[in-house]
Each structure stands twice: as C-alpha cells, then as structure tokens.
Amino acid sequence: MRFIANILISLALLSCSSKRLYDFIPPQVHSSVLANGLELKIIEDHSLPEINFLFFFPAGEAYLSSDQAGLADFMTSLLIEGGTKEFAPREFANQIEKLGASLSAGANYEFITYGGRTLTPYLDDYLKLFKAPLLSATFNQEEVDREKRDLLSNFEQLKDVPSAVFQRYFTDYLYSPHPYGRPISGYESTVKRFTRDAAVNLYKKWIKPYGAILYIVGDVTPSSLIEKLNKELFVWQGSVSGSPSYQQPALHIPNSILLIDKPDSTQSIVAIGATTIPATHKSFLPLAIATEAFGGHFGSRLNQVLRVEKGLTYGANADISSKKDLGAWYITTSTRTEKTVETLKEILSLTNNFLSKGLTEKQLQTSKNYLIGKFPRDFETTTEIAMEIFLIDYFGLPKDYMQTYRPRVDSTTNHQIAESLENLDLKKIVIVVLGNAKEIMPELTKLGPVELKSYKDPLTPPIPKALFAVDR
Amino acid sequence: MKLFINILLLLLVKTSFGSPLNLKLQIKEATLPNGLHLIVLEDHKAPLFSYQTWFNVGSSDELPGKSGIAHFFEHLMFSGTKKYPLGKYDELIEAHGGTNNAFTTNDVTAYYVDISKDQLELIVNLESDRIHNLIINDQIIAREKNVVLEERKQRLENDLIGRANELLFLSSFPDSPYGIPTIGLKKDIENLSLKDCEEFYRTYYSPNNATIVVAGDVNFDQVLKLVKKYYGSIPASKIAARQPIPITKKPLPYVALKMPSQGEVLAMGYRIPPIKEADFYPLNLLIQILFQGASSRTERILIYEKKLVTEVIGNLTLRKTPSLFYVYAYPHTGVSAKKIEDELIEIFKNISEKGVSEDELNKARNQRLSSTVVNLRRAMGLASNLAYFQLMFGDYNRLLTDLDQYQKVTTNDIKIAAKKLFDSSSMTVVVVMPETKK
C-alpha cells in the first residue's frame with residue numbers, strides 16, 4: 001500500500017513538474033522580408049498600447065582594428081545625435097520626445113542596436129522619425145566635435161568612479177589583445193583621432209537593410225505594419241558588410257595579480273576570472289547552471305559564505321558571459337580594505353572547491369529550479385521579448401529554443417556539470433584588485449607576483465598584430 | 001493635440017478593455033480586523049506574480065542617535081525564524097525560481113518577491129512568519145552591522161557622488177533628521193543594540209502598519225483566504241503617529257568637498273515641502289521639461305548648445321517630510337562648477353519668469369503617459385506603483401487617475417510652481433573639487 005502510495009505521490013510530483021516545464025507559452029513570431037531585403041520579426045502583443053522596435057546590424061567593435069577602438073560606439077551615438085537631412089540635431093530629439101517616444105543606438109562587439117518605443121496612436125509619426133537616421137544621417141560636424149569632447153571629458157570623469165575604472169582594467173587584463181578586452185567607448189588615444197569621415201564610412205558600410213533584422217513587439221498587426229515599413233524604407237538599399245577578427249588573449253603568469261592603486265579607497269573591489277567557452281558550445285548550459293548554483297543568486301554558496309557567514313561583503317556574485325567567441329567566467333565583490341586579502345583567499349578557496357568537487361545533487365536541483373522558475377519573467381516587457389528572440393537568432397539556437405529551454409535545464413545531470421567545469425582552468429584564472437595599494441600590497445604579494453598600476457593611468461589599446469581569423 | 005490624444009486612447013481602450021480613458025485594471029482590496037490592508041490586482045498576462053509588503057516606517061521615524069535603524073532592520077528581516085532558519089527564506093524562494101529583495105526610504109520599508117504563480121501559499125506563509133516570529137540576537141546584529149557598514153562604504157564613502165549626495169542633504173537640512181541619509185550615520189549604525197532592534201520590530205512590524213499588494217496571475221479570493229489564514233491571528237500594535245519635526249535652520253548656502261577627483265562636480269538642492277503640500281503635478285512636469293531627454297531645457301543648453309557639461313541630472317525626492325529637489329552636473333574638463341551653477345540659476349530664473357510653452361507642456365504629458373504604460377507592463381511594476389500611491393497618498397487608484405490630473409495642469413501652474421521652487425533662500429550648493437584646488 002505504501003509502495004503504491006509512494007508511486008502515486010511521485011507521479012503527482014512528476015506531473016506537476018512536467019506541467020510547470022510546459023506551462024509557458026512562448027511568443028509567436030511572424031517572420032517576413034521587406035522588398036529591400038530587411039528581415040522582420042513581428043510579435044503581436046495587444047495588452048498595452050505600445051510598440052517596441054529593435055534593430056540588430058551584424059557589425060561592431062570586433063569588426064575594427066584596435067587602433068579604431070570605440071569608433072562603432074562613436075558612430076552609433078552620432079546616428080541619433082548628428083542630425084538628418086530633414087531635421088537639425090536638436091530638433092530631431094525634440095520631435096521624438098514630443099511623442100513621449102524614445103530612440104537610441106549602441107554598439108556591442110558583434111552587433112549594433114538601433115531602436116526605441118512609441119505609443120500606438122503615434123505609430124505613423126514615429127515611423128517617419130525612426131527611418132530618418134537610417135536613410136539620411138548627416139553626422140553634423142559640430143556634433144562630431146562635441147561628441148569627441150564629451151568622450152574625452154568622460155574618460156577623465158570615470159577615473160573618479162571606482163567600479164568603472166575596475167571594469168575597464170579587468171576586461172582588458174582578461175581578454176587583451178582579443179577585441180572583447182577593449183572598452184566599447186574606446187581609449188583616449190583612439191578617440192582623439194576620430195574624424196567625421198571615419199564615422200560616415202562605418203555608417204555607409206554597416207547601416208544597411210540586407211543582413212540586418214528588425215524586431216517589433218507590441219500593439220501591431222503584421223500585415224498593416226509590413227505595408228507601412230515597405231513604404232517608408234523602400235529607398236533604403238544595400239548590404240551590411242564586414243566580419244569580426246579575433247585574437248587569443250595574452251597568457252599571464254599563474255597567480256599573478258593586477259593591482260590598481262586608488263589611495264583614497266576605503267573599500268577594495270576584487271575579481272577573479274577566466275576566459276571560457278562561447279555560448280554556442282554544448283557545455284555552455286551546464287556551465288551556466290553550475291555558475292548559477294555557485295554564485296548566481298543570494299542563497300548561492302559564494303554569497304552565503306562571504307556575506308551571510310563572514311560579513312565580508314555587501315554581496316558577491318559569480319557569472320558567465322554569453323559571447324559568440326570567447327566567454328568569460330568571473331567572480332566580483334567589494335570588501336573593506338583591511339579584509340581584501342582574506343576575501344580574495346576565501347574566493348580562491350571556494351572556487352577551487354567548486355571546480356574540483358562540482359555540485360551536490362541538492363545544489364544542482366535548486367539551480368535548475370531557479371532557472372526554470374524565472375524563465376517566464378524574461379518575457380514580461382516588449383524589450384525583453386525582442387532581446388530573447390534576437391539572442392536565439394544571434395547565437396543560431398534552435399527555433400524551438402523557448403519551448404525546450406526548461407526541459408533541457410531540467411534534464412541536465414551532474415555528469416554534464418562536471419564535464420562543463422573542465423572548461424575552467426584555475427591556473428588560467430586572472431586576479432584583479434582595485435584599492436589602497438599601500439595598505440593591501442604587503443599581504444597581497446604573498447599570494448603571487450603583483451603588477452601595479454594607478455587608477456589615473458589611461459588604458460591603451462593593444463598593439464595591433466597581424467590579424468587572423470581563429471577557427472573555433 | 002491634447003484632445004486628439006485623449007480620444008484616440010479612449011477609442012483604443014474601448015476596443016481592448018472597454019472602460020474609461022485609462023486601462024481597466026482589475027483591483028480589489030480588503031482590510032483584516034487586525035488592520036492589515038490587502039490590495040490585489042489580477043493580471044493574467046504571464047504565469048507569475050509579485051507579492052509586496054510595504055510597512056509604513058522609514059528613516060523619518062528614527063529617534064536621534066538611532067539613524068539607520070529602519071534600513072538596518074530591513075537587513076535583519078532576512079535573519080530567519082524558528083520555522084524558517086537563516087538562509088531558508090532565500091533557499092525556498094530561489095528553489096522555485098523566485099527573486100526577492102527589499103528597500104528602505106524616508107517613509108516606507110518594502111519587501112518584494114517575484115515568483116511563479118503556483119507558489120502563492122508558500123510566500124504568504126514565509127512573509128507572515130517573519131513579520132511576527134523573527135529571530136534576532138547579538139550575533140546576528142554584529143554580523144549585519146558589518147554588512148551594512150560595507151554597503152555604506154560602497155554607496156557613500158567610497159563613491160564621489162555618494163559623498164556629495166550625503167553632504168547635499170546634510171547641508172540642506174542642517175541639524176535636522178531630514179538631512180541624514182537613510183542608511184544612517186556610521187556611529188549610529190555601530191551603536192545600534194539588540195534592545196533598539198527588538199523595540200523597533202514590536203512597534204512597526206505589525207499588521208496594522210502593513211499593506212500587502214499582490215499583482216499578477218492570482219485570484220483575489222484565493223489570496224484573501226490565505227492572508228486571513230496566515231496573518232489573521234497576528235495582533236496589531238500601538239504606533240504613535242509620526243510627528244513632524246520643525247526645521248530650525250536655513251540651508252547652508254555653499255559647501256566645498258575636497259577629495260581626490262579629476263575635476264569639479266556640482267550638486268545643487270532646493271528644499272521643498274512634504275509631498276502632500278507640494279505642487280505635485282506641476283512640479284513633476286516641470287522636472288521633465290527641465291531634465292528629461294536631449295531636448296529638455298538643461299540638456300539642450302548645457303550639453304548641446306553651450307557644451308559645458310557631459311551630463312546633467314535633476315529630480316525630486318518627494319517625501320512625507322520636507323524634501324529636496326536636486327541637480328547634479330558634470331562639467332567638462334577645464335569648466336568650473338561655478339560656471340554651471342550660474343547657468344543653471346539662469347535657466348531656473350527664466351522658467352520662473354517666463355514659464356514654459358504649450359509644446360513643452362504637451363511633450364511632458366506624453367512622456368508621463370508613456371512612462372505610465374511602461375509601469376503597467378511588469379507585475380512588479382504594477383504592484384510597487386500601487387503600493388507607492390497607497391502609502392504616500394492613501395489612494396492606489398492614482399496610478400492611473402493622475403494622468404487626468406496632469407492633463408489639467410496649465411503653463412501658468414508650472415510657472416507658479418517654478419517660482420516657488422527656485423527660491424535662493426532654500427538653496428544649497430555643494431561643489432566637489434580636487435584636493436589640490438585652493
């Protein structure tokens with residue numbers, strides 16, 4: 001009787017969990033191609049009177065040489081702010097904002113974004129504005145000069161923001177000379193050389209319909225919208241051109257530490273990290289699940305030890321970045337100056353334990369449950385929906401990814417986790433600390449060789465080598 | 001243009017929602033005999049909900065020498081109970097894909113959980129347990145003091161803007177509790193005792209001082225049944241009404257903060273009355289006209305036309321106690337904070353004397369409408385906005401009815417609000433400058 005009862009209970013739990021795995025209804029995507037070759041993905045959502053537009057152009061920082069670092073971001077800023085044939089720079093901003101709408105552009109390493117949102121009643125007005133920079137951005141010289149000056153002043157101002165200084169140094173130390181090591185906004189030395197012509201040349205190469213994808217989510221009817229877009233964009237022709245080039249990150253001496261001195265710091269920022277597999281690797285999902293368990297949420301082991309048990313920090317986090325080429329696995333935290341080395345030792349010890357022993361079954365199940373449970377929340381806003389569907393296209397994931405994600409998470413085993421952890425090598429982990437060097441250095445040198453820099457030192461681009469495409 | 005927008009939205013809403021200009025939100029409420037107020041918004045867009053508990057206590061309730069206790073106690077609320085020991089709360093929520101956090105302001109302390117729809121009873125159970133059965137002792141307090149002091153370092157002491165902000169408020173309200181940051185003064189945090197915390201808990205963490213707002217894929221009757229089951233037996237407490245503290249001193253007009261910095265940073269503040277006395281609608285539109293977007297007055301003039309700053313930010317901190325309108329500006333290398341101060345004062349003077357245009361007013365209204373729609377998208381946004389309006393104004397319907405009020409504001413209303421706001425006798429200027437500067 002008990003045996004049968006146990007089976008029934010297990011079946012009940014299994015059926016509950018199966019139902020939960022499949023109770024999410026993914027958004028339906030309507031795919032189309034405009035006459036000029038622009039690919040459209042439209043998702044209808046009539047729950048609110050708003051529409052979100054998000055363009056992705058396959059181009060970005062990784063398509064440039066290091067001596068042009070930041071040019072992609074520079075161009076995208078001026079796409080919106082540099083004026084168009086119809087509108088002077090400030091008037092264009094005014095026209096968008098009058099509708100209560102938004103429009104922005106940005107650069108990443110392998111994609112450029114361009115988009116915004118509007119309320120439904122203003123769709124036609126918005127489309128006329130939306131198309132203007134795509135078709136006829138003018139890159140007004142005065143705005144080019146202003147943008148350059150803004151960037152150069154900003155580099156100085158960011159030296160007063162410890163987290164910003166830290167982020168630039170950490171990414172550089174982890175990746176350089178790989179393009180992922182470059183700040184998206186570039187370096188002082190590269191920005192000084194930017195010209196209007198350079199920005200315009202990139203615009204002409206990259207802001208083209210063929211090869212780009214436009215995601216539209218919101219209160220629209222596909223057929224009506226396609227007709228409007230064909231009408232507004234038919235004169236816009238051409239293909240996005242270019243391809244990324246990658247380099248291997250430089251190897252550092254094992255256990256070496258980069259220390260960025262900021263003498264007035266009362267707190268240190270501490271991070272360890274290593275480059276790892278790209279998001280398309282078969283072990284990426286298990287590695288992401290493992291990382292989530294180790295340090296991805298408040299109750300994870302890393303935060304529990306550093307914050308809850310030892311009171312060393314306000315919060316500690318482990319994460320893995322989704323990248324097309326080389327991913328990055330890292331831990332970051334902040335702690336009071338006098339606890340810097342203790343915190344670092346604790347992080348290294350916990351990481352060593354994690355890499356050698358993996359997860360317990362309980363930790364694995366908790367992590368899986370967390371990722372399964374939170375999945376629907378990634379689809380609440382129109383921007384999030386557009387981004388999720390873009391990422392499926394961008395990484396070339398299966399078309400049924402949204403339906404199968406949760407079952408695949410659920411079926412991940414500890415054996416797969418252990419295999420995925422082989423992609424992290426403790427010997428290749430880099431350590432970066434920002435803080436008061438005078439206070440920290442004596443203890444820090446006991447952990448390994450320390451390279452010292454000042455927070456005031458400007459980052460410089462790696463010297464360009466002969467670039468080659470790397471087979472992955 | 002204004003009428004056109006209203007009619008279109010009305011028509012649009014009629015086809016989709018069948019109700020007045022603003023979107024129909026299915027909201028129901030109830031109050032238990034012990035004073036607990038429950039508000040439920042049913043929204044079945046996604047299989048999840050946001051459960052928020054807002055306590056009507058914040059840093060403005062703190063006694064002298066006990067600054068930071070409201071925020072400190074927010075931390076203690078995660079210490080565990082007999083039923084759910086330390087760590088269990090987060091473990092259970094995260095095991096079901098949920099996230100949770102909390103925040104403290106001058107007026108409220110709020111706790112929120114976002115989780116899948118099948119976990120309602122779990123959350124009601126967890127939240128009701130810690131409102132009444134929290135375990136706190138000297139060891140827990142010592143540990144959390146370390147954490148809060150780290151947080152204070154991160155947010156204030158180790159951060160240029162954090163330090164400027166702290167000084168701006170302290171200088172705007174000298175010798176007044178209204179100037180003390182919510183996180184508290186370092187010495188006060190260090191001196192908090194177990195007795196202080198126990199008293200605070202007994203006084204303020206009671207059902208008659210709490211509003212629960214649930215938004216998402218839930219059913220009101222089901223929520224009410226569970227809330228009655230788990231909270232019904234928790235007794236109310238006696239809470240003295242918050243007494244306003246007279247402000248006896250004028251703001252310090254000028255303060256220099258010398259610290260290692262690459263250039264100067266400007267912070268300005270103007271004192272404003274408590275939220276219910278303030279010109280709420282004209283002030284909010286005024287701030288948008290001044291600061292929201294590249295075509296706003298300050299960005300257009302200071303960033304794009306005169307090219308003096310890289311960034312300028314302004315906002316209101318609207319509180320139930322006297323509060324502050326603040327501006328931060330980041331001058332270009334070689335440009336002084338004084339220059340920016342003069343330019344800003346000129347912009348404020350212009351708007352006080354000449355007002356704003358109809359175009360600017362309509363733009364601000366559209367921006368407000370747009371941001372309201374954004375707030376309706378997420379369960380968490382819906383819940384926190386409803387809770388905000390309920391606790392600050394006693395009327396959660398203002399989430400949408402405010403849109404009508406903004407339509408009624410005139411350019412003259414804004415001019416009057418600007419004139420009242422930009423009174424030099426209520427102004428403080430803080431300039432961050434390099435240590436080497438004389």
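This is a predicted model, so every value here is computed, not measured. Proteins get letters first, then strands, A, B, ... in listed order; numbering begins at 1 in each.
- Top candidate by heavy-atom pairs under 4.5 Å with chain B, chosen from L371(A), T335(A), N154(A), is T335(A).
- With a threshold of 4.5 angstrom between heavy atoms, R117(A) approaches chain B through side-chain atoms but not through N, CA, C or O.
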**Message:** For a side-chain hydrogen bond (donor to acceptor under 3.5 Å, both in side chains) check, start with the C-alpha distance between Q367(B) and E97(A), then their side-chain angles and the critical distance, and finish with the verdict.
**Reply:** CA-CA 7 Å; Q367(B) 287 171 325; E97(A) 287 161 16; 4.6 Å; no

**Message:** Does R307(A) form a side-chain contact (heavy atoms from CB on, under 4.5 Å) with E144(B)? I'd like the steps, not just the answer.
**Reply:** CA-CA 9 Å; R307(A) 170 170 165 159; E144(B) 277 311 307; 4.1 Å; yes

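- Although no hydrogens or angles enter the test, the distance criterion places a donor-acceptor pair under 3.5 Å between the side chain of Q157(A) and the main chain of P331(B).
- Under the 4.5 Å side-chain criterion, counting only non-hydrogen atoms from C-beta, R378(B) is in contact with T381(A).
- Interface remark: K456(A) contributes side-chain atoms only to the contact with chain B (heavy atom separation under 4.5 Å).
- Looking only at heavy-atom pairs under 4.5 Å with chain A, the residue among G87(B), A142(B), G98(B) that has the most is G98(B).
- Formation of a donor-acceptor pair under 3.5 Å by the R143(B) side chain with backbone atoms of V308(A) is found in this model.
- Comparing K310(A), H297(A), K339(A), K368(A) by how many heavy-atom pairs each has under 4.5 Å with chain B, the most go to H297(A).
- Remark: E50(A) CD to L369(B) CG distance equals 11.0 Å, nearest 0.5 Å.
- For Y455(A), the part lying under 4.5 angstrom from a heavy atom of chain B is the side chain only.
- Of the two parts of E91(A), neither the backbone nor the side chain holds a non-hydrogen atom closer than 4.5 Å to a non-hydrogen atom of chain B.
- In terms of heavy atoms, G100(A) sits closest to S370(B) at O-OG, 2.8 Å.
- In this structure a side-chain-to-backbone donor-acceptor pair under 3.5 Å is present from E94(B) to G299(A).
- In this structure, the portion of T313(A) lying under 4.5 Å from any heavy atom of chain B is its backbone and not its side chain.
- Residue K117(B) places its NZ atom among 12 or fewer non-hydrogen atoms of other residues, nucleotides or ligands, all under 6.0 Å distant.
- The closest side-chain donor-acceptor pair between S47(A) and R377(B) falls under 3.5 angstrom.
- Under the 3.5 Å distance criterion, the side-chain polar atoms of R90(A) are left unmatched by any main-chain donor or acceptor of E305(B).
- One distance of note links NE2 of H332(B) with CD of E156(A); it measures 12.5 Å at 0.5 Å rounding.
- Neither the backbone nor the side chain of Q95(A) comes within less than 4.5 Å of any heavy atom in chain B.
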**Asked** Going through the checks in order, is the side-chain contact (heavy atoms from CB on, under 4.5 Å) test met by K374(A) and T99(B)?
**Response** CA-CA 8 Å; K374(A) 88 180 246 304; T99(B) 54; 5.7 Å; no

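- Checked by atom type and distance alone, the side chain of T310(B) never pairs as donor or acceptor with a backbone atom of D150(A) at under 3.5 Å.
- Looking at D160(A), its side chain does come within 3.5 Å of a backbone N or O of Q262(B) through a donor-acceptor pair.
- The contact between K45(B) and chain A is made entirely by side chain atoms (from C-beta outward), counting heavy-atom distances below 4.5 Å.
- Contacts between Q365(A) and chain B at a heavy-atom distance below 4.5 Å are absent for every atom of the residue.
- For a residue to count as touching a neighbouring chain, one of its non-hydrogen atoms must lie under 4.5 Å from one of that chain's; by this rule P376(A) touches chain B with backbone and side chain alike.
- Most heavy-atom pairs under 4.5 Å with chain B, from the set L151(A), I96(A), T266(A), T366(A): that is T266(A).
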**Request:** Could you walk me through whether Y314(A) and K153(B) pass side-chain contact (heavy atoms from CB on, under 4.5 Å), step by step?
**Result:** CA-CA 10 Å; Y314(A) 175 50; K153(B) 278 201 178 89; over 6 Å; no

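- T382(A) touches chain B through backbone and side chain together, each having a heavy atom under 4.5 Å away.
- In this structure, E142(A) and K307(B) have side chains that are in contact, with non-hydrogen atoms separated by less than 4.5 Å.
- Proximity to chain A (any heavy atom under 4.5 Å) is shown, for R152(B), by neither the backbone nor the side chain.
- Looking at heavy atoms from C-beta onward, N366(B) lies in side-chain contact with Y122(A) at the 4.5 angstrom threshold.
- Contact between L48(A) and V373(B) at its shortest, heavy atoms only, is CD1-O, 3.7 Å.
- Residue D43(B): no heavy atom, backbone or side chain, is found under 4.5 Å from chain A.
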**Message:** The test is salt bridge (Lys or Arg N to Asp or Glu O under 4.0 Å); show your working for R336(A) and E157(B) and say whether it passes.
**Reply:** CA-CA 11 Å; R336(A) 47 201 180 281; E157(B) 296 162 26; over 6 Å; no

**Request:** Apply side-chain contact (heavy atoms from CB on, under 4.5 Å) to L48(B) and E380(A), showing your working.
**Result:** CA-CA 10 Å; L48(B) 49 90; E380(A) 274 198 282; 3.6 Å; yes

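- Contacts with chain A were tallied for M259(B), Q154(B), E299(B), R368(B); Q154(B) has the most, counting heavy-atom pairs under 4.5 Å.
- Only the backbone of L312(A) has a heavy atom closer than 4.5 Å to any heavy atom of chain B.
- Counting heavy-atom pairs closer than 4.5 Å to chain B, the top-ranked of the candidates Q304(A), E81(A), E309(A) is E81(A).
- At a cut-off of 3.5 Å, with distance as the only test, no side-chain donor of N158(B) or K262(A) sits close to an acceptor on the other residue.
- Heavy atoms of I140(B) lying under 4.5 Å from chain A are absent altogether.
- Looking at P47(B), the atoms closer than 4.5 Å to chain A (heavy atoms on both sides) all sit in the side chain, from C-beta outward.
- The environment of R301(A) atom CZ is sparse: at most 12 non-hydrogen atoms of other residues, nucleotides or ligands sit within 6.0 angstrom.
- Residue contact with chain A, scored on non-hydrogen atoms closer than 4.5 Å, involves the backbone and the side chain of V374(B) alike.
- Contact count versus chain A (heavy atoms, under 4.5 Å) is highest, among K363(B), Q292(B), E150(B), for E150(B).
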